[in-house]
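Quick notes on the structure that follows.
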Amino acid sequence: MTIVPIAGCTERLLPRVSAWKGQCPPCYRAVMQEHEKLWDPLTPQEVGPLFRSSVFPWWIAGGYAIEHFVGRSLRSHDDIDVLVLRKDSSALRSALSAWDCWAADPPGRLRPWAPGETLPQHVHDVWCRAASDGPWRFQIMLDDGDRDHWRSRRCRCVTKPVSELTWGRADGVPFLVPEVQLFYKAQAPRPKDVLDLQASLPLLSHAQRTWLREAIATAYGQDNAWLRVLDAKPGTAR
């Protein structure tokens, strides 16, 4: 949150805003930054109609993808992630022409993504809302790839055929396969990521588990903590 003076105010204020103990000082107002504004995330079923006529592939990612895989709700969700390949970003922006879209550029700060603009390579996170005065409704995650293969932006050696990125559908809504989602969570896992791993691990096939282990080792190194979990015998992982 930024503290700015009200136009026309001539009152001299204490030089240290911190002295106001978190309150907005006289003749000043608090301006909430865009990334501080409220979220009211859509559900996967509400996201579906927005992309149903799209000519590019897309997937519900994040915690919802894990819940779809395990077949049950694991926790509440503060947002919802939609994965789209970077090559399709122009078609994506056209599909969202009625939406107010903001790019994380640089990461940690938001700025408007104008229709027709090609996002720079370092931008891979876009927040979307129906109107500029409304809450954020969903988040786009851009990742690399071509028509046939997805490639991780974190390590181009980690790849998978686009045809193998979907783990089923619900009401026509495609969900990202769990091993790819867990791969992204493995770099710096938060408590909710550990919960997602614990719920998914007993259900992963040998092929999914092998791919995940190789991807983590390749991108993050052999000392990644999740490798020990993946290497543990079923029923002994902690």
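Just so you know, these numbers come straight off a predicted model, no measurement behind them.
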- Message: With salt bridge (charged side-chain N to carboxylate O under 4.0 Å, His left out) as the criterion, how do Asp144 and Arg153 come out once you've worked through the C-alpha distance, each side chain's angles and the decisive distance to 0.1 Å?
- Response: CA-CA 6 Å; Asp144 297 333; Arg153 66 178 182 270; over 6 Å; no
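- A salt bridge is absent between Glu214 and Arg209: the closest approach of a Lys/Arg side-chain nitrogen to an acidic carboxylate oxygen does not fall below 4.0 angstrom.
- Contact check on Arg75 versus Asp196 returns a salt bridge, with a Lys/Arg side-chain nitrogen under 4.0 Å from an Asp/Glu carboxylate oxygen.
- Residues Leu212 and Leu201 are members of one and the same hydrophobic cluster, defined by side-chain heavy-atom contacts under 4.5 angstrom among Ile, Leu, Val, Met, Phe, Trp and Tyr.
- Between the CG atom in Asp105 and the NE2 atom in His124 there is a gap of 10.5 Å [rounded to 0.5 Å].
- For Arg111 and Trp102, the positive end is not near the middle of the six-membered ring at less than 6.0 Å and at most 45° from its axis.
- The cationic group of Lys37 does not satisfy the cation-pi geometry with Trp136, failing either the under 6.0 Å distance to the six-membered ring centre or the 45° limit from the ring axis.
- For the pair Lys160 and Glu179, the minimum side-chain heavy-atom distance is below 4.5 Å.
- How far CZ of Phe69 is from CG of Leu74: 11.5 Å, rounded to the nearest 0.5 Å.
- Between His68 and Phe175, the ring planes are parallel. Angles under 30° get that label, and only those over 60° would be called perpendicular.
- Ring-plane geometry between Phe183 and Trp150 is classed as perpendicular, the angle between the planes exceeding 60 degrees on a 0 to 90 degree scale with a lower cut at 30.
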- Query: Does the pair Ile216 and Trp226 meet the rule for a side chain to side chain contact (heavy atoms under 4.5 Å, CB included), with working shown?
  - Reply: CA-CA 8 Å; Ile216 290 174; Trp226 279 18; 4.2 Å; yes
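- In this structure, Trp127 CH2 and Ile140 CD1 are separated by 13.5 Å, a value rounded to the nearest 0.5 Å.
- Distance CZ/Arg151 to CG/Leu85: 10.5 Å, rounded to 0.5 Å.
- Salt-bridge annotation for Arg213 and Asp231: present, with a side-chain N of the basic residue lying under 4.0 Å from a carboxylate O of the acidic one.
- At least one side-chain heavy atom of Leu203 sits under 4.5 Å from a side-chain heavy atom of Val70.
- Side-chain rings of Phe138 and Trp99 approach one another, their centers coming within less than 6.0 Å.
- Residues Asp81 and Gln181 form no side-chain contact, since every pair of their non-hydrogen atoms from C-beta on lies 4.5 Å or further apart.
- Looking only at atom types and distance, the side chain of Tyr184 has a donor-acceptor partner in the side chain of Ser152 under 3.5 Å away.
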